[in-house]
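Let me begin by presenting the structure, written as structure tokens, before commenting on it.
All chains are named by letter (A, B, ...) in the order of the sequence lines, taking the proteins before the strands, and each is independently numbered beginning at 1. Please read these numbers as outputs of a predicted model, since none were measured by experiment.
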Protein chains: 2
Amino acid sequence: MFDPVCPSPLVPFRVGDKWATLILRCLQDGPRRFSELRVPLRGVTAKSLTQSLRGLERDGFVVREEYEGRRVEYALTPLGRGLLVPLDTACEWTREHWDELIDAQEAGLSATDH
Amino acid sequence: MFDPVCPSPLVPFRVGDKWATLILRCLQDGPRRFSELRVPLRGVTAKSLTQSLRGLERDGFVVREEYEGRRVEYALTPLGRGLLVPLDTACEWTREHWDELIDAQEAGLSATDH
DNA sequence: AGGGCTGGTTTCCCATTGGATACCGCCTTA
DNA sequence: TAAGGCGGTATCCAATGGGAAACCAGCCCT
């Protein structure tokens with residue numbers, strides 16, 4: 001899922017911007033630091049990560065907590081945690097219909113090639 | 001929902017491009033013609049509608065059926081109909097948490113104003 | 001014969017998204 | 001004291017998304 005060559009862009013569901021769902025998923029097991037998020041989200045630039053986090057924060061899905069020193073943690077709010085529920089439904093549907101999705105897409109693509 | 005001043009862009013869920021979910025919703029009660037889709041989808045240009053329909057068709061969520069004369073109908077495929085299920089879950093979650101979403105968003109906005 | 005409707009296509013243009021890169025102040029550690 | 005990690009910002013740039021407007025062929029109606 002976090003692999004740069006993963007086909008997740010094929011998934012018809014998106015939440016917010018490109019990285020938002022992945023960030024929510026990264027936070028589901030507890031708060032994470034900025035640099036801890038950059039590891040699983042391979043390929044995300046600092047700018048994009050900041051942008052997405054600011055968006056999620058502005059919309060109340062994530063809180064930014066600054067501790068002593070420069071330590072900063074991002075955590076889900078109750079609202080953000082709630083958002084994971086329908087997101088999981090969507091992910092599960094996608095997994096269940098993955099083969100159909102791929103087949104339909106390949107059929108659609110080969111229909112325009114010729 | 002189809003009103004041009006409707007706040008649906010605030011919803012954190014999107015499927016495909018800007019018009020895709022609305023098109024799917026328009027098709028849930030049966031096939032519709034191109035011009036029939038333009039009515040409820042107020043403000044959609046012919047180009048955008050064509051683009052979205054081609055995308056949904058390419059991905060196997062919608063079929064384009066050309067009948068005698070120039071009559072053309074768009075209908076959901078089984079896959080497209082299935083997609084409505086998790087989409088409904090997402091819509092319902094959004095409706096249930098609408099007030100929280102709005103409140104959180106206003107709080108987030110006023111935090112940057114000052 | 002002309003005007004309108006249907007189902008688009010084409011062109012142009014602009015705003016937004018997001019990647020690459022360089023840079024930054026602060027802090028800890030060696 | 002220098003090096004490196006942390007948590008970003010600033011700048012530039014290319015690709016994409018999507019609206020506006022013009023156009024079009026084929027049909028139907030009068």
Going 5' to 3' through nucleotides 4-12 of chain D and flagging B where a protein heavy-atom sits under 4.0 Å of the base, S where only the sugar-phosphate is that close, and - otherwise, we get --SSBB-BB
Applied to residues 54-78 of chain A, the ring-ring contact (aromatic ring centres under 6.0 Å, His included) test, sequence neighbours excluded, yields none
Across all chains, not counting sequence neighbours, the side chain to side chain donor-acceptor pair (under 3.5 Å) partners of A:Trp93 are A:His97
Axis-to-axis angle across the helix from C:dA1-D:dT30 to C:dA30-D:dT1, five pairs each end, nearest 10 degrees, ~ 0°
d(B:Ile102 CD1, B:Leu10 CG) to nearest 0.5 Å is 5.0 Å
Contacts satisfying salt bridge (Lys or Arg N to Asp or Glu O under 4.0 Å) that involve residues 31-56 of chain B (not counting sequence neighbours) are B:Asp3-B:Arg42, B:Arg54-B:Glu57
With sequence neighbours left out, the residues meeting side-chain contact (heavy atoms from CB on, under 4.5 Å) with A:Asp88 are A:Arg25
Contacts of B:Arg64 meeting salt bridge (Lys or Arg N to Asp or Glu O under 4.0 Å) (sequence neighbours excluded), chain-then-number -> B:Glu66
Atom CH2 of B:Trp19 and atom C1' of D:dG19 are separated, to the nearest Å, by 10 Å
Footprint ends on DNA chain C, 5' to 3', for atoms under 4.0 angstrom from a heavy atom of chain B, come out as C:dT6 to C:dC12
To the nearest angstrom, the CG-P distance between B:Leu49 and D:dG19 comes to 11 Å
Quick note, salt bridge (Lys or Arg N to Asp or Glu O under 4.0 Å) partners involving residues 10-21 of chain B, not counting sequence neighbours, are none
Contacts satisfying salt bridge (Lys or Arg N to Asp or Glu O under 4.0 Å) that involve residues 72-85 of chain A (not counting sequence neighbours) are A:Arg71-A:Glu73
Hits for side-chain contact (heavy atoms from CB on, under 4.5 Å) against B:Ala104, two or more places apart or cross-chain, chain-then-number order -> A:Leu79
Hits for side chain to side chain donor-acceptor pair (under 3.5 Å) against A:Asp103, two or more places apart or cross-chain, chain-then-number order -> none
